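Below: one structure, written as C-alpha cells.
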Amino acid sequence: MLRTIRRGALQALKSSGVFELTKNSKWRQQRLLILCYHGMALEEEHKWMPSLYMHPELFEQRLNALRAGECSVLPLGDAIARLYRNDLPPKSVAITFDDGTYDFYAQAYPLLKAHGFPATVYQTTYYCDYHEPVFHLICSYMLWKRRGLGIKGIQSSGIPETLDLRASAGRTQALNQLVGFAEREKLSEEQKSQLAARLASVLDLDYSDLVRKRILQLMHREEIAQLASEGIDFQLHTHRHRTPLDERLFVREIRDNRRKLLELAEGSASSHFCYPSGVYHLEFLPWLGKEGVVSATTCEPGLASIEDHPLLLPRFVDTSARTPLDFESWLTGVGVFTSRRRRRYKAPSSTGRTQAADSQL
Ligand SMILES: [Zn+2]
C-alpha cells in the first residue's frame, strides 16, 4: 500500500517537472550520490536474496539510466575530494561495490567497462586465497534452493536430523543449527566446506557445480590484480569483514586488509573505507583517522553533502526491489525527500549503529 502511494507520488513529481528542476538545481550539484551494490547473480542469487543480489540485466538498465540522466560518474576518491572543495560537476555519482565477490569480476565489471564508468570495490580479503564459497552464505543458498522440501531421519554429521525447508523460518533455523555446529566444533575452513558438501548431498544438489560456478566466492588474488591493473579502484572493507569495538583488533582489521590489497593491487593507496554490514560506532572515527583513512561510507540512505562527516558518508543501496522510477528519483535527488530520513551524527559523544542487509563474509 505504502509502496503504491510512494510510486504515485514519484510519478506525480516527475510529471510536474520536480525531477527535472531538482536534477538541475544548485542543491543537487553540491551533492554526491554514492551508489552501493553487492552482488550480481551468476544463477539464482537475486531470487534468493534480492536485497543483496541483482540480475545483471537490471544493473545494465541502471547504467543506461545513468547515461540517459547525463550523470557525471566520477572515481570515488576524486568525487569525495571535489565534494569537500565544493567543486562537483552536475549530477555527480560514484559507483561502489561491497565485498568483492567473483560475480563482480564476471558480471558487473564487463558492463562497467562497456559504459566506461569508474567503480570502487570495497574488498574484504580473508577469503581471497580460499577457493570455496563463503560457508554460511552457500548453506543459506542451498537451503533456499530446496525450499518446499521436508526431510526426516538425516544421519550426517553436523546436519540436523530433520530439515523443514517449507517456510523461511524453518530454513533460518536449519542455517543457525549448521553455523552453530561449525562454531561449537571450531571447524576449519576445509571442514566447513566438507559440511557444506554433505548438506548438498542431503539436499541432492551438486556442490562441485556450485563451487565450479564460483557462486558466493570472493574474487581470487589474480582477478583482483587484473582488475586493479585495468583501473578498478580497490578500497578497505576490513580483512575478515568485521569491526570489533576494540581499537587494537579494529586497527588490525584495517592493517591486514590494507597489506593484502597492497600485495594484490600494486600501488593501491587504500585510504577509503566502507563499514562492513553498514555497522558503525562513533568510536571508530578517530581510529580510522589515525590509520590515514580519509573517507568512510555507511548504508544510511542519502546524498553526501559538504556538511557530512567524511567518515560517515551516506549511500543509496540499490536493490532488485527498486523500480526504475525510484532509481531515477535518486539520480535527480528527489529520492532523498521521499525516503525515510537518515540520522545525522554530529556530536562525537553520541553513539550510532546501523545494520544493513549485508553479507557477513
Ligand atoms: Zn560487506
Side-chain angles (χ1 to χ4, degrees), residues 34-42 45-46 48-54 59 76 94-105 107-109 119-130 132-141 179 214-220 223-224 227 232-245 249-250 252-258 260-261 264-265 268 270-281 284 287-288 291 293 295-301 311-320 352-361:
I34 307 175
L35 296 173
C36 163
Y37 293 94
H38 287 91
M40 295 293 141
L42 291 164
E45 301 97 304
H46 60 298
W48 160 64
M49 210 176 272
S51 58
L52 276 185
Y53 271 80
M54 182 178 276
F59 183 60
L76 180 73
I95 305 174
T96 67
F97 277 78
D98 288 12
D99 305 327
T101 40
Y102 168 74
D103 48 79
F104 175 82
Y105 179 89
Q107 307 282 52
Y109 175 63
T120 289
V121 176
Y122 292 117
Q123 182 76 47
T124 187
T125 38
Y126 177 75
Y127 272 95
C128 287
D129 288 326
Y130 181 69
E132 296 274 344
V134 178
F135 171 70
H136 71 285
L137 295 180
I138 197 69
C139 288
S140 169
Y141 184 57
V179 171
R214 305 277 306 275
I215 308 276
L216 299 166
Q217 288 191 33
L218 287 192
M219 280 188 268
H220 293 166
E223 289 151 357
I224 295 172
L227 296 194
I232 291 294
D233 174 42
F234 285 92
Q235 296 291 341
L236 302 164
H237 197 44
T238 75
H239 186 51
R240 296 166 193 82
H241 204 270
R242 64 185 180 201
T243 44
L245 245 177
L249 296 176
F250 182 93
R252 192 177 78 170
E253 285 299 328
I254 302 293
R255 290 185 183 174
D256 287 353
N257 194 203
R258 180 177 271 151
K260 195 82 180 174
L261 284 180
L264 302 180
S268 123
S270 47
S271 55
H272 300 278
F273 176 72
C274 166
Y275 298 97
S277 309
V279 175
Y280 63 87
H281 296 267
F284 296 160
W287 302 347
L288 287 168
E291 289 305 300
V293 172
S295 86
T297 50
T298 67
C299 295
E300 297 280 337
L311 298 179
L312 291 173
L313 294 175
R315 290 188 296 175
F316 170 70
V317 180
D318 194 8
T319 70
S320 303
R353 179 188 169 89
T354 179
Q355 180 77 49
D358 187 11
S359 53
Q360 296 290 329
L361 291 171

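Order of appearance sets the numbers: ligands from 1, and atoms from 1 within every ligand. For clarity, every value in this text was computed on a predicted model and none was experimentally measured.
- In this view, Y126 and E189, H239, R240 satisfy the side-chain contact (heavy atoms from CB on, under 4.5 Å) rule, not counting sequence neighbours.
- For the Zn ion (ligand 1), the N/O/S atoms of H237 include one lying under 2.8 Å.
- For a distance bound of 2.8 Å, the N, O or S atoms of H241 include one lying that close to the Zn ion (ligand 1).
- In this structure, Y37 and F59 have perpendicular ring planes: the angle between them is above 60°, well past the 30° mark.
- Ring pair F97/Y122: centre-to-centre distance not below 6.0 Å.
- When the N, O or S atoms of D99 are ranked by distance to the Zn ion (ligand 1), OD1 comes first.
- Take T243 and apply the side-chain contact (heavy atoms from CB on, under 4.5 Å) test, not counting sequence neighbours, and it matches T238, F250, F273, P276, F284.
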